[in-house]
Amino acid sequence: MSVSKYSEGRPYAKIASQAFALACGLCTLLSVSVLVLLLWNIFGFGWSSLSWDFVTSWPSRFAAKSGIWSALIGSLYLIGVTALFSVPIGVGAAIYLEEYAPPSRWRSLVQINIANLAGVPSIVYGILGLGLFVRMMHLNRGVLAGGLTLTLVVLPIIILSSQEALRAVPSTIRQASYALGATRWQTIWHQLLPISLPGILTGVILSLSRALGEAAPLVVIGAATFVRFTPKNLITDDYTALPVQIFNWTEQPQVAFHEIAAAGIIVLLTVLIAMNALAVILRQRFSKKVRW
Amino acid sequence: MSEAISPRVPLRVAPRALPRVPTGQDHEDLTKHGIKVTAADVNFFYSEHQALYGINLAVPKNCVTALIGPSGCGKSTFLRCLNRMNDMIDGTLLRGKILLDGEDIYQRGTDVVELRKRVGMVFQKSNPFPKTIYENVAYGPRVAGVKKSVILEEIVEKCLQQAALWDEVQSRLNDSALQLSGGQQQRLCIARALATDPEVLLMDEPASALDPKSTAAIEDLIFELKDTYTIVIVTHNMQQAARVSDQTAFFYEGHLIEVGRTTDMFTHPREKRTEDYITGRFG
C-alpha cells in the first residue's frame, strides 16, 4: 500500500484513533453496567414484596402489611401542582428572555442568575419553601406548599431548556414570519412554539422527573412519613411522597422494611418511565403539525 | 411596462438591438406609473459602523429596480430598510426618510406589522416554514385575519399560480414544503410573499442559490409580476440585473454611485466605477 508523503510524521495516528474509540466504548460500558447492577440489585431485593396489594395499601407498622398508595397518590398530586405552576411560568420566562427582552446588562444578570439557580442544591429550596410558603404564606404543610417548593427547584431547569429549544429555531423562520406581517405573538404562537415544542417537552419531562425523585426539600418543609389517607384538601391535609416514604423505610432497622423500600423504588421507576412514555406520545402528536 | 426593454437584454449588446431613447425621455418613461418608494438622504448605522451614506433613490411604480454592487456595499442593508427588517437587529439606526406612497415609514407611530404586509420580502436562502405547502402560502393571510377556508384556498391557488408553481404542487398541497426542490422552495417563498397582497416586493438575491433553470423560471416570474407589483431586487449577477430590471442602482462602500435606466447603465455608464464593476473589472 502506498503511503502519502506526509503520513510518516504521524506513525501512531491510527492506533491512537482506535485507542480513543475503545476508551469511549469502555466509558459507555461502565455507566451502563453500573445502571444494570443497580437495577438488578433493586429488583432482586424488592421484587418479592411487589404486588397489587402493596401498591394499593396504606403504610403500616408491619412491613408485610405496608403499602405505598398514599405516597403514590401524594407524588402524583405533587407533580400535578408542580407542572401546573412551573410549565407556564418557566416557558413564559423563556419566551420573554429569548424573544422580547432586548440585550442589556439586566438581561445578562437575570440569565446568569437563572443558570446559577439551576445548580443550587434542592435542600436550599426546601428551606426557602419552608420560610416562604409554609410560614409567610401560611400554606401549612400541604401538597400546595410542597408543589410550589418543587416548582422553585425545577423552574430554572425548565427556563434554561426552553430557552435552548427556542434558540434552536433558525432565525430565517422568524424573519420569514415577520416579513409576512406577523406580530411577535403570532410568530411565537404559530412558528416558534410548534417548532420548539419537542425540545421544551423534553426539558419539562426531565425537570418533572427530577421533581418526582426529590426527597430532601419535602422533608425540610415537613412532608409526613406515615399517612393513612389521600389528601382531600391541598393546603391543610398531610401528605407523603414516594421518595419520602422510601427514605423512611430505609431508615427502619428491620430488613423487611428495606425490602418494601426496594419495591417502592420499583414503583417510583415505573411512574418515571410512564411519564417519559407520555412525553414521547405528546411529542409525536405535536410534531405532526411541524413538517420538517 | 416599457416596450423599449426586452426581458432578456444580452449584456453589452443592447445598443444595436434596441433603439436608444434620449435620457430626458427615459425618466418619464420609467415613472409613468408614478413613484412608489422614495429614499431621502438615508444614513444607516449598525451600532458604530455606518453602512449607508446619504442614499437618495426613487423606486418607480410597476418597475423592477435592481440594486447591484460588490459584497458589503450596503445594497442588502438598503433593501431591508424598505420594510424595516433591520429593526430586528439590535443597535441599528436609520437617519433620513423612506417614503412609501409619500408617507415616511420611519416616522413615529408607523405600524411595522402593517408596513410589512404592504412591502413583502423574498430572502436569499429559501426559508419555507416546516409546515405543509398550503399552510406556507396561507400563513400571511391567516395572520392578517382571513379565517374562511374558501377564501384561503382561493388565495393559495392564485398565488401558487402567479409563482408558476401550481401545476407542480397542486396534487400535494398537504405535503411538507421542505420536500420541494430548492427552486420550488424559492418559488413557494415568492408565492407566500404574494399571498399578503403586497404593493412592493423586495427580493434579496432570490436566485443566487439556484441552478440556471430555476433561475430562469424566477426571472420570468419577476418579469410577469411587475405588472402588478413594484419590485426591488438585489443581485450579484450582472446579466440578471440587465435582463430583469428597468432601473439599476449601483452601490459602492455604502454610497449610491449611480442610478439610471438599466439599458443606459449597462451601455453608457456615467461613472468609471460603475463601468468597471459591470464589466467585471472588480467586485
Side-chain angles (χ1 to χ4, degrees), chain A residues 94-111 162-202 282-292, chain B residues 47 79-80 82-91 111-145 174-180 185 188-189 191-198 201-204:
Chain A
I95 289 174
Y96 177 76
L97 287 170
E98 279 306 304
E99 303 299 323
Y100 286 94
S104 63
R105 208 169 288 174
W106 183 79
R107 188 179 80 172
S108 329
L109 193 75
V110 170
Q111 193 68 62
S162 303
Q163 272 186 291
E164 207 64 54
L166 284 168
R167 221 173 294 152
V169 179
S171 64
T172 54
I173 299 289
R174 285 184 187 79
Q175 289 185 4
S177 180
Y178 288 126
L180 288 166
T183 61
R184 218 172 261 245
W185 162 245
Q186 287 169 329
T187 303
I188 291 167
W189 184 249
H190 294 296
Q191 304 293 349
L192 305 185
L193 279 181
I195 295 172
S196 57
L197 201 63
I200 292 177
L201 265 178
T202 305
L282 282 177
R283 209 180 318 175
Q284 272 174 349
R285 275 196 67 147
F286 284 121
S287 62
K288 262 184 199 160
K289 282 188 179 173
V290 178
R291 310 260 181 122
W292 283 113
Chain B
S47 302
L79 189 80
R80 295 162 60 91
L82 301 181
N83 66 345
R84 292 188 57 169
M85 280 304 276
N86 285 327
D87 289 16
M88 285 173 63
I89 305 167
D90 295 307
D111 185 350
V112 182
V113 168
E114 203 51 46
L115 168 74
R116 290 182 187 142
K117 282 172 189 148
R118 294 174 62 191
V119 184
M121 187 163 194
V122 177
F123 296 84
Q124 177 174 4
K125 212 172 148 274
S126 61
N127 52 357
F129 300 127
K131 294 173 184 270
T132 63
I133 295 169
Y134 179 90
E135 282 303 325
N136 263 277
V137 184
Y139 184 68
R142 259 195 220 284
V143 298
N174 288 319
D175 285 4
S176 167
L178 292 138
Q179 287 169 7
L180 297 173
Q185 284 190 15
L188 178 69
C189 290
R192 186 176 66 182
L194 297 179
T196 57
D197 199 20
L201 197 57
L202 309 177
M203 303 178 125
D204 192 354

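Here is how names work: the chains are called A, B, and so on, in the same order as the sequence lines, proteins then strands, and each is numbered from 1.
There is no side-chain donor-acceptor pair under 3.5 Å between B/N83 and B/R116.
The side-chain heavy atoms of A/Y100 and A/I188, taken from C-beta on, include a pair separated by under 4.5 Å. Using a 4.5 Å heavy-atom threshold, the side chains of A/E98 and A/R167 count as touching. Side chains of B/M88 and B/R80 form no contact here, defined as non-hydrogen atoms less than 4.5 Å apart.
Heavy-atom distances place both the backbone and the side chain of A/S177 under 4.5 Å from chain B. Heavy atoms of B/V119 lying under 4.5 Å from chain A belong exclusively to its backbone.
Among A/Q175, A/R184, A/H190, the residue with the largest count of heavy-atom pairs under 4.5 Å with chain B is A/Q175. Of the residues considered (B/R84, B/E135, B/R142, B/R192), B/R192 shows the highest number of contacts with chain A, using heavy-atom pairs under 4.5 Å. Of the listed residues (B/D90, B/V113, B/L115, B/D111), the greatest number of heavy-atom pairs within a distance under 4.5 Å of chain A belongs to B/V113.
When each of B/N136, B/D175, B/I133 is tested with B/L180 by the rule side chain to side chain contact (heavy atoms under 4.5 Å, CB included), just one qualifies, namely B/I133.
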